[in-house]
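These notes are about the structure you will find just below.
Within every chain, numbering begins at 1; the chains are lettered A, B, ... in the order of the sequence lines, protein sequences first and strands thereafter.
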Amino acid sequence: MWLSLFRGGVHPDGFKELSATEAIRQLPLPSQLNLPLRQHAGTESLPVVEVGETVLKGQLIGRAGRGLSAPLHAPTSGQITHIGPIVAAHPSGGNTRGITIEPDGKDTPLASMGWTGSGQHEISDSNALLEDKLQHIFAQAPEVLAKRLADAGIVGMGGASFPSAVKLSMASHQSINTLIINGGECEPYLTSDDRLMQERSQAIVLGARFIQHIIKAPAIAIVIEDNKSDAIAAMTIASADYEDIEVITVPTRYPMGSAKQMIQAVTKKEVPAGSRSTEVGVLVHNVATAHAIYQCLTENRPLISRIVTLSGGAIAQPQNVEALIGTPIRHLIEHGGGLKEAPSRLLMGGPMMGQIMPTDQAPLIKGAGGVLALLEKEINDTHRSPCIRCGRCVEACPMGLMPLEIANHSRAQNFEGAVDYGLADCLLCGSCAYICPSHIPLVHYFQYAKGEISRQKANQKRTDYTRELSANRRQRQEQEAAAKAAAKAAKAKRRKRKTEKTN
Amino acid sequence: MEESTISALSTSVLSTTVIPTLSTVSAILVLASMGLALGLILGYAAKVFRIDNDPVLDELSALMPGTHCGQCGYAGCSQAAEAIFKGAAAPTCCPPGGKQLAEAVASKLGISIDLAGMSDEVLLARIDSSQCTGCTRCYKACPTDAIVGANKQIHGVILAACTGCKNCEVACPENCIEMVPEAKILDSWYWPKPVAV
C-alpha cells in the first residue's frame, strides 16, 4: 500500500538473496581494534585515556570535541596500545588519528552499565523489568534522554553519521508530524537492516517510541521496501499494539532509502533544495539507529557495535554479523564468510554509494552497514565511451538534475556552471552512473567537482584571513611610526624650550 | 534589351535620388538630431560612469594573497597584479600563491602558462627549534604576523596564518627556517579528475 513515489530512480540487481536468510552471527574478538577519533559528521573526539591504560567495555575513551561532535567508547575491555595515526576507513588509504585497543579477551563491561551482557537476544530483560525501565524512561524529560544519547556516541547509522542527539534536539524545536523509521535499505547486497528488523523488531519499535517521546511526534511510520516481506511481517507484529505506528510498504526502487526520497514517497511532500527534512514536518531515523537508541536507554550501552553485511562475489559464505566498531575489515572477512577468490575491490557500505577501501586494514566505522568484497565482473568499470545524449541519466536522477550537464561542466573545470546545474543538490546516489549506457563515471566527476570547489573555498578563506592579518600589521606599523614621530617632535620641542630658557 | 530603355531607367533612378523632397529633408534632420542627442548622452555617460581601473585588474588583485611580502619583486600585491595584467610579469611569479594562483590568474586572463616547474603542494615555514637563537628577525619579516616568539626565546609558526612567502627563511641568520609542504589531511583529499574517454 503505497501512496506516491519520487521521481527517477533505478532498479539495480539486488543480490540480497546472498545474505538475506543468514541470521545475525557473533564474531570472535579481533586481536586489535582501531577506533578513528572521527567517525561522525563534525569535529574529532578528544582522547581521555593514555597509552598503557586498561579500559572496560563501554568506557568513554574519547569525549566529544568542540561544536558538532560525538564521543567514542571502548567496544571491549583491554589495553590502550596506541593513540595516533591509524589507517582510516577512507578511499585515499591515508591515516587518521585514532585509538588502538588490544582486547584482553574477557569482554568485561563497566559496572555502571546495566546491560545484561550478551546483546544477542532481542530483549534481554524479563518483561517486568522492561516494563519498569520503560516507565522510568518515559517519565524523563526529552532533554535528559537526548543528553544520554549524546553521551552514548550515537550517530545516524544509515551512512551519514550525523550525531543523533543533535538531530533530535534540532527537531524538538520544530513541529514534527511524522517520525519515519527508515527500513528502506535500497543498496544492493546489504541485508543488515533487513535482518535487524526480523530479529530485533521489538527493540526497534521501542527505540522509535523513545525518539517519538523526545521529539513529541504524533505518529510513527516504519517504511520498508516490498522486497523484505519477512521484515515487514516482523515489524507489523511488533508494532501491532500501538495505534500511532504504521508499517508502510513502498516499492523497491533505488534510492528509496535516501531520506528525501522516502519522505516524498510516503508523504508526497518534497523537501526544498538546501533545507532539512524537518522543514516539511518529518524526521527520518534509520532502523539501526532506533535499535542503538533502544540499547542506550534500556541497557546503558553506548554505540560500540553494529550489524554488518559481509557479501560480494568474492566472499565464500555471505552473512550478517554483529561486529565491534573498530574491527579491521580483514578480521571481519576472515571470520565472517571467508574469501573464495581474491577480491578486485573492497567496499565499505553498498555498491552504489559505498567507499572504496584500498586496504583490508581499514577499521569498521559506526556508519557502515556492509563490507563488500567484489569480483572484477561485478565492478563493470570498463568500456567507457563518449556521451550519446540519450538522456537516461536525466530520467534516472531522483533529484531532477541533469547529470550529463554537471559532468560536462566539471570536465571543463567550469565549477560555477556545475553548481548552476544543481551540483549541491546531488546526493551522489549513483543512479545516473548506473544507468549510463556509455559507462561514463558521472559520480566520479561530481566527487571531483565537489572536492575542487571545497578546496577553492578553503583557499579563499585562507587568503582572506592572511590579507586581514597583513592589513592589521600595516595599520599597526603606521600607528607605531606616527607615535614615534610625535614623541620625537615633542622631545625636540622640549629641548628647544630648554635652550631658550638657558639663553 | 535596347539602349534607350536602359538610359530611361537610369534617368528615372537619378531623378528620385538627386532631387530632395520634403520627406527626405525631414528624415535627414530627424536622424541628425537623434545622432547628436544620443552622442551627447553617450559622451555624458562616459564621463559619469567612468571606470578608472579595468575590472579585470580588480579581480586579479582580489585573487592575490594581499600580504605584500615582496617576493615577486614588486612593492605590493596590487603592483604585481598590474604587472601581470600588462604582461610584464608571469602569473607564476607569486610564491605564496603558488600553482593554484597561477592557474586562477591564467584562466582569468585567458592565457596559457607553463606550470611544469610548479608543485601542487602548499609550502609553509617551519622553525628548527634546536637551532633558533631567538633573534626575532623572522617575525619582524613576516607580513602576516604568523611567527610568534620573544627575544632570546624560541619562535614558532602559526601555520594557519603562514602564506609560505619565504621572507622569514631569507631573514633567518641561523638558516634554521625551512619551507615544508603542508601536512595532508583526509578532509582535503578528494577524487582526482576522471581520465577522459
query = Is a side-chain N or O of A:His444 found less than 3.5 angstrom from the main chain of B:Pro192, in a donor-acceptor match?
reply =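 Side chain of A:His444 to backbone of B:Pro192, a donor-acceptor pair under 3.5 Å: yes, one is there.
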Item checked: Sidechain-backbone polar pair: A:Arg411 side chain, B:Lys193 backbone, donor-acceptor under 3.5 Å ->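 Such a contact is absent between A:Arg411 side chain and B:Lys193 backbone.
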Show, in sequence, the C-alpha distance, side-chain angles and deciding distance for B:Gln100 and A:Thr463, and conclude whether the side chain to side chain contact (heavy atoms under 4.5 Å, CB included) test is met. CA-CA 12 Å; B:Gln100 290 165 16; A:Thr463 307; over 6 Å; no
Relative to chain A, which segment of [X] carries a heavy atom at a distance below 4.5 Å: side chain, backbone, both, or neither?
X        : answer
B:Ser188 : neither
B:Cys142 : backbone
B:Ile185 : neither

Over all heavy atoms of both residues, which pair between [X] and [Y] is shortest? Give the atoms and the distance, please.
X        : Y        : answer
A:Arg467 : B:Pro65  : NE-O, 3.7 Å
A:Arg476 : B:Asp145 : NH1-OD2, 2.9 Å
A:Arg473 : B:Tyr139 : NH1-O, 3.7 Å
A:Pro91  : B:Trp191 : CB-CZ2, 3.5 Å
A:Thr466 : B:Ala161 : CG2-O, 3.4 Å
B:Val195 : A:Arg384 : O-NH1, 3.8 Å

| chain B heavy atoms under 4.5 Å from A:Asn95: which part of the residue, side chain, backbone, both or neither? |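 The backbone, not the side chain.
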_A:Ile356, part contacting chain B, at a heavy-atom distance under 4.5 Å_ =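 Answer is side chain: those atoms of A:Ile356 sit under 4.5 Å from chain B.
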Margin query: Can a side-chain donor-acceptor contact be found between A:Glu452 and B:Tyr190 if the only test is distance below 3.5 angstrom?
Written below: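 Present: a donor and an acceptor within the cut-off.
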**Prompt:** Taking every heavy-atom pair that is under 4.5 Å apart, which of B:Thr67, B:Leu186, B:Leu63, B:Thr163 has the most such pairs with chain A?
**Reply:**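 Top count of heavy-atom pairs under 4.5 Å with chain A: B:Leu186.
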Crowded around B:Leu40 CG? As in, over 12 foreign heavy atoms under 6.0 Å?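 Yes, CG of B:Leu40 has more than 12 neighbouring heavy atoms, counting only those of other groups under 6.0 Å.
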key: Exceeds 12 heavy-atom contacts within 6.0 angstrom, atom CD of A:Glu480   =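 Yes, CD of A:Glu480 has more than 12 neighbouring heavy atoms, counting only those of other groups under 6.0 Å.
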Could you measure the distance from the [atom1] atom of [X] to the [atom2] atom of [Y]? Nearest 0.5 Å is fine.
X        : Y        : atom1 : atom2 : value
A:Arg462 : B:Leu159 : CZ    : CG    : 7.5 Å
B:Ser107 : A:Gln413 : OG    : CD    : 9.0 Å
B:Cys162 : A:Leu469 : SG    : CG    : 11.0 Å

